[in-house]
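Remarks on the structure that follows.
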Amino acid sequence: MGLLQHPLCCNSQQQQPQNQRSYEHFHSEPSTSSSLHSQPSLPSVPSLSSLTPQQPHNPQQQQPQTTVKIHSSPISSLVLHGKLLYSAASSGEVKTCSRDPFTLQTDINTNTNTNTNVVVVATTNAPIKSLIVYHDTLFTAHQDHKIRVWKADQPTKCIATLPTLHDRVSKLFSSKNYVEVRRHKKRTWVHHVDAVSTLALSHDGSLLYSASWDRTFKIWRTSDFKCLESVQNAHEDAINSLVLSNDGAVYTGSADTKIKMWKKREGEKKHSLVGTLEKHKSAVNALALSEDGSVLYSGACDRSILVWESDDNNMVVVGALRGHTKAILCLVVMADLVCSGSADNSVRVWRKEIGKGYSCLAVLEGHRRPVKCLAMAVDSNTGGGPHEDDRSYLVYSAGLDCDIKVWQIRVPLLSL
């Protein structure tokens, strides 16, 4: 998910010249409040959370366990990997710190937070919009239309930039490799020609997927970083989110309000469009899939999270989760929990109940600006609850206020 599409993408990016769509627009504080509130809230879609959001079972859930200040610019991406928390920012830096809230809090109390336990693992002048960590390799997507590759054990050394020089040169001399990117201008198909907004990795790590505001998504082989495929004009406007299912399906969400489903048909080498999901009435900013791929969650500028369930090889909307007062900017799913971050500066934690209903377990308030990214993990520092009748999770949130907040969420076990 890119750093600029929210809440800017609530208005079509086609209304602006390409060279004006830069990160700095977020600092100009566009009058998004009135435009967001004027967006329809999808009254035709039934609510799956009809009850008033419940207060957290432990009042401390509404206060972050700790606040980490290691960036001086807005944070676009959070990734948990091993014992570390990776964070990427618009400054072009990726930093790591301990993911353990106790360690983080101890560092803050002793003023060592900005010294011994924070490591800069990647740095560039181009704002970072998305981050993926796989084993010891980092992939970063950038505002300057490029993807960069880093090694965790070689801090700040970029080992590759996509498309690679070999890819670029090999496509130069044949006219069939050129596509029209705007009127009277062509580039080879391996290039993104606008900000790369989001990245995704195949489950075996062999393929990297990238999506861009240039309305394309591309597939790269991670062994040699070769671009294998580019789906041109996948949407009518910028692509903001892309997620992969275990069965090979690719879902893309766009500022054109649509979610599209792509697959390789049997015997074919290229992805084809197999479905279009059209229920949102404004830009789609975030997508997330359940672990088994049977449920798709989509968040948009219409302030709703739509829940789509698999039905005969298609996705059908079953309802909406409502409660945020501004655009949904990010989503993360773990087990039966869904976390959503919003331009209303809050995080909400939802749980799928028995049947098709959902309950809002917590509203996490503390950020001073929109929440752009989330990560979630089981809390390994605790067992069960006091009577072993609940589970404990850690939610990590960050965004435009440059802060990372860590929250502990206790989730009661479902009663049969």
For the residue pair [X] and [Y], establish whether any side-chain heavy-atom pair is separated by less than 4.5 Å.
{"X": "T216", "Y": "H192", "result": "yes"}
{"X": "V250", "Y": "L242", "result": "yes"}
{"X": "V378", "Y": "S380", "result": "no"}
{"X": "K372", "Y": "P74", "result": "no"}
{"X": "V284", "Y": "N240", "result": "no"}
{"X": "Y358", "Y": "V307", "result": "yes"}
{"X": "L296", "Y": "V243", "result": "yes"}
{"X": "V231", "Y": "W262", "result": "yes"}

Minimum heavy-atom distance between [X] and [Y], given as atom pair plus value:
{"X": "N345", "Y": "R369", "value": "OD1-C, 2.9 Å"}
{"X": "S210", "Y": "W220", "value": "OG-NE1, 2.9 Å"}
{"X": "V406", "Y": "P101", "value": "CG1-CG, 3.8 Å"}
{"X": "A300", "Y": "S282", "value": "CB-O, 4.0 Å"}
{"X": "H324", "Y": "S342", "value": "ND1-CB, 3.2 Å"}

We want to know whether T124 and H142 form a side-chain donor-acceptor pair, criterion being a heavy-atom distance below 3.5 angstrom.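 On atom types as modelled, these side chains do not qualify, holding no pair under 3.5 Å.
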Using distance alone, with no hydrogens and no angle criterion, decide if T276 and K260 have a side-chain donor and acceptor under 3.5 Å apart. no
Are [X] and [Y] close enough for a salt bridge, meaning some N to O gap below 4.0 Å?
{"X": "D302", "Y": "K281", "answer": "no"}
{"X": "E229", "Y": "K269", "answer": "no"}
{"X": "R368", "Y": "D403", "answer": "yes"}
{"X": "D214", "Y": "K218", "answer": "no"}

Before you tell me yes or no, could you show the steps for D256 and R215 under side-chain contact (heavy atoms from CB on, under 4.5 Å), namely the whole-Å CA-CA distance, both residues' side-chain angles and the distance that decides it to 0.1 Å? CA-CA 10 Å; D256 66 7; R215 301 180 294 145; over 6 Å; no
So the salt bridge (charged side-chain N to carboxylate O under 4.0 Å, His left out) pairs with at least one residue in residues 241-254 (sequence neighbours excluded) are D247-K263
With Y86, the side chain to side chain contact (heavy atoms under 4.5 Å, CB included) member among L138, L80, I132, V119: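 It is L138; the other options fail the test.
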